[in-house]
Number of protein chains: 2
Amino acid sequence: MSPYDPSAFPPFAVTVDLVVLTVRRHALCALAVRRGEQPFQGRWALPGGFVRPDEDLSSAAARELSEETGLCAHDPAGPAQANGAHLEQLATYGDPERDPRMRVVSVAHLALAPDLPAPRAGGDAHSARWAPVESLLDKGGYGREGEPSAPLAFDHGQILADGVERARSKIEYSSLATAFCPPEFTVGELRRVYEAVWGVVLDPRNFHRKVTGTPGFLVPTGGTTTRQGGRPAQLFRAGGATLLNPPMLRPEV
Amino acid sequence: MSPYDPSAFPPFAVTVDLVVLTVRRHALCALAVRRGEQPFQGRWALPGGFVRPDEDLSSAAARELSEETGLCAHDPAGPAQANGAHLEQLATYGDPERDPRMRVVSVAHLALAPDLPAPRAGGDAHSARWAPVESLLDKGGYGREGEPSAPLAFDHGQILADGVERARSKIEYSSLATAFCPPEFTVGELRRVYEAVWGVVLDPRNFHRKVTGTPGFLVPTGGTTTRQGGRPAQLFRAGGATLLNPPMLRPEV
DNA sequence: ATCATAGTCGTCTGCCTGACGATAAACATC
DNA sequence: GATGTTTATCGTCAGGCAGACGACTATGAT
């Protein structure tokens with residue numbers, strides 16, 4: 001590493017951007033905020049903001065998440081908590097041209113949350129909305145008036161695509177899909193998470209056998225619920241296992 | 001995102017650090033450079049340096065890789081080229097305390113290269129060496145005099161550990177292990193790559209069946225070699241497939 | 001000639017998955 | 001209250017793949 005001359009290093013702004021995913025009405029949705037100023041004024045973007053001078057990257061991401069959604073990020077190693085969301089670093093985007101005003105390096109994070117009430121607008125975002133990821137990624141860029149739609153501001157379309165792909169692949173070999181569920185959930189609800197994230201239809205019987213047969217994935221709570229209609233279903237909590245071995249296979253295309 | 005006041009954003013230095021891995025003498029090795037100045041003077045560290053004002057992150061990583069090793073990073077999507085190495089972003093490290101002098105955010109990259117002649121010292125590194133990753137990660141921190149050993153400077157021990165874990169898991173489900181091999185290689189050489197990276201012993205017969213039976217993984221070149229002794233072995237090139245499905249399973253612990 | 005080394009082809013068994021039949025327990029409707 | 005609908009759960013069966021391991025081949029070393 002070069003000798004540091006603090007007056008000589010090239011200055012960068014560092015931000016965090018968030019890909020916040022949830023499953024609503026059988027669709028994978030992401031949080032989008034409407035930009036209130038130039039550039040890209042009026043366009044939709046991912047929530048985010050500057051990293052403060054004495055703040056860790058993960059702390060900055062957790063703070064932004066909390067400001068935008070009220071969600072409280074929890075350590076993946078720790079116990080699930082009320083209103084807790086999974087939060088992990090995704091990737092870093094630093095193309096010199098990605099922000100027309102100045103050199104900005106953005107450390108994108110991925111958050112997975114259960115279905116929530118309407119998002120609250122963050123301090124500086126005019127409005128915040130959940131939108132299906134397809135409408136945010138769609139190259140066509142149409143959508144109902146006022147509803148979030150592509151193209152997103154800056155390189156946020158690419159960041160969102162990377163986050164969605166990370167989520168899709170990670171639920172294959174980890175128990176992360178439970179992060180989309182409330183603290184207690186049924187096998188059917190978990191299956192609908194997989195179906196929404198992957199955009200496929202899964203066989204309920206094979207899915208049930210797989211998830212209940214994987215040690216440490218699900219822990220029965222003893223209760224049952226009929227909130228989905230039909231025969232009452234057992235309730236489960238997420239077990240301690242984080243890695244699924246063998247993995248849950250995503251069906252062929 | 002907040003309105004930008006270019007004079008108000010907190011200034012950061014942005015660097016790239018490199019985890020460069022190769023397989024030498026049946027061991028997974030990483031490139032380490034000896035620090036010539038404070039802090040951590042005399043300690044070993046990962047190669048890296050500042051991102052230039054108009055340089056993309058991946059370009060900065062490729063430039064540093066070339067400066068330290070002469071390796072030419074190639075796009076994973078493109079064709080393999082002579083002296084080419086796989087290069088991908090790993091993760092970003094931004095703890096406010098990670099560099100005692102100033103706020104530095106480092107975008108770590110992971111490079112995988114075939115076995116090379118001795119590394120050449122980069123411009124500002126006093127010396128550069130390959131060292132087995134265990135000796136660089138070993139908490140004990142012993143080693144022969146002058147040989148790279150733990151603990152590494154800054155948080156480079158953590159970065160290296162993350163890079164090694166990424167490599168270990170990625171060769172499971174991708175054809176990335178071929179990045180450790182010369183352009184033409186035998187099944188046995190590829191197996192020794194897996195054995196070195198995972199630190200296990202694999203059954204030659206099952207391994208042979210698996211890799212030759214996965215479509216697009218290996219392409220026979222027609223030639224044979226006896227450079228490993230024993231019966232001549234067929235030579236292969238890496239095929240077009242990048243994802244292995246089903247994956248190559250890492251043996252249980 | 002014999003041995004050591006490394007590569008390659010087969011066989012067998014057990015596990016997992018996908019496809020799908022059958023039964024169970026709730027609610028809605030007639 | 002009988003029937004249909006919905007969802008959950010258990011079972012069966014065949015095919016595929018991986019681990020264990022036997023057998024044979026082709027080279028160099030002694």
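Sequence lines set the chain letters: A, B, ... in the order given, protein chains first and strands last, and positions in each chain run from 1. For the numbers below, each heavy atom of this structure counts, side chains included, while hydrogens, waters and symmetry mates do not.
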Identify, with sequence neighbours excluded, every residue that meets side-chain contact (heavy atoms from CB on, under 4.5 Å) alongside Ala62(A). Ala73(A), Leu87(A)
Covered region of DNA chain D, 5' end to 3' end, by chain A [heavy atoms, under 4.0 Å]: dT6(D) to dT12(D)
Pick out which of Val33(A), Leu31(A), Leu18(A), Ile159(A) makes a side-chain contact (heavy atoms from CB on, under 4.5 Å) with Leu46(A). Ile159(A)
Between the axis at one end of the helix from dA1(C)-dT30(D) to dC30(C)-dG1(D) and the axis at the other (five pairs apiece), what's the angle to 10 degrees? 0°
Polar atom pairs between nucleotides 4-6 of chain C and protein, under 3.5 Å, N or O only, would you list them?
none

Indicate yes or no for a side-chain donor-acceptor contact from His156(A) to the backbone of Ala45(A) under 3.5 Å, with no hydrogens or angles considered. no
Do you know the tightest heavy-atom contact between Glu184(A) and Glu189(A)? O-OE1, 4.3 Å
Whether Thr22(A) side chain and Ala113(A) backbone form a donor-acceptor pair below 3.5 Å: yes
Which residues, if any, of residues 195-210 of chain A bring a heavy atom under 4.0 Å of DNA chain C? Asp203(A), Arg205(A), Asn206(A), Arg209(A), Lys210(A)
Test item: Arg166(B) side-chain N/O and Leu90(B) main-chain N/O as donor-acceptor pair under 3.5 Å: yes
Looking only at atom types and distance, does a side-chain atom of Arg24(A) sit under 3.5 Å from a main-chain N or O of Cys29(A), one as donor and one as acceptor? no
Assert: residue with more 5' nearest nucleotide on DNA chain D, out of Gln234(A) and Pro251(B), is Gln234(A)
Quick one: does any side-chain atom of Glu64(A) pair with a main-chain N or O of Asp17(A) as donor and acceptor, under 3.5 Å? no
Polar side-chain atom of Arg237(A) near backbone of Pro183(A) as donor-acceptor pair, under 3.5 Å: no
Would you say the side-chain atoms of Asp162(B) and Tyr93(B) include a donor-acceptor pair closer than 3.5 Å? yes
Which heavy-atom pair separates Pro246(B) from Lys210(B) by the least distance, and what is that distance? O-NZ, 2.9 Å
Donor-acceptor pair, distance only, cut-off 3.5 Å: does the side chain of Gln89(B) make one with the backbone of Thr92(A)? yes
Take atom OH of Tyr194(A) and atom P of dG18(C), then tell me their distance rounded to the nearest Å. 13 Å
Any side-chain to backbone donor/acceptor pair from Asp203(A) onto Asn206(A)? Under 3.5 Å, distance only. yes
Tell me whether the rings of Tyr173(B) and Tyr173(A) are parallel (<30°), tilted (30 to 60°) or perpendicular (>60°). parallel
Please say whether more than 12 non-hydrogen atoms of neighbouring residues, nucleotides or ligands are located less than 6.0 Å from CZ in Arg227(B). yes
Contact list please: residues 172-179 of chain B against DNA chain D, heavy atoms, distance less than 4.0 Å, in numerical order. none
